Amino acid sequence: RYEAVQLTPLAPGASPAPGTLRGTFEGVLFLGTSLEVNVQSHGLNLFGTVPASQEAPFWVGQDVQISFDIQNTKVFHD
């Protein structure tokens, strides 16, 4: 589920916390009260939703930390 993916900014050179992934922010689609985000990690594109805010929380090329709500996460192999 899109909402099971959570993003936080990652400082340049910082390591992601245990149980999370490092990714690169690739793009965003505005959906009213939320944003659909596209993040690349280890050659895969991951999509998630984050709440929309007045300020842009992410920019293309930014390093981010990706975490998951494991109980609500489903992975499909294509």
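This structure is a prediction, so every number in the text was calculated from the model and none was measured. We number each residue from 1, following the sequence as shown.
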Compare every heavy atom of Ser41 with every heavy atom of Gly23, then report the nearest pair and how far apart it is. CA-CB, 4.2 Å

Measure across Glu26 and Val60 and return the closest heavy-atom pair with its distance rounded to 0.1 Å. O-CG2, 3.7 Å

Starting from Val64, can I reach Leu46 by hopping between I/L/V/M/F/W/Y residues whose side chains sit under 4.5 Å apart? yes

Between Asp63 and Thr24, is any pair of side-chain heavy atoms under 4.5 Å apart? yes

Do the non-hydrogen side-chain atoms of Ile66 and Leu7 ever get within less than 4.5 Å of each other? yes

Any heavy-atom pair between the side chains of Leu35 and Phe30 that's under 4.5 Å? yes

Minimal non-hydrogen separation, Ser15 against Arg22, with atom names: CA-NH2, 3.8 Å

Minimum-distance pair of heavy atoms, taken over all atoms of Thr20 and Pro16: OG1-CB, 3.3 Å

Here the pair of heavy atoms bringing Ala52 nearest to Gly32 is CB-O, 3.6 Å

Could you measure the distance from the NE2 atom of His42 to the CG atom of Leu21? Nearest 0.5 Å is fine. 5.0 Å

Checking Val28 against Phe58 for the side chain to side chain contact (heavy atoms under 4.5 Å, CB included) test, could you report, in this order, the C-alpha distance in whole Å, the side-chain angles of both residues, the deciding distance, and whether it holds? CA-CA 9 Å; Val28 64; Phe58 307 104; over 6 Å; no

Side chain Gln65, main chain Ala17, donor-acceptor under 3.5 Å: yes

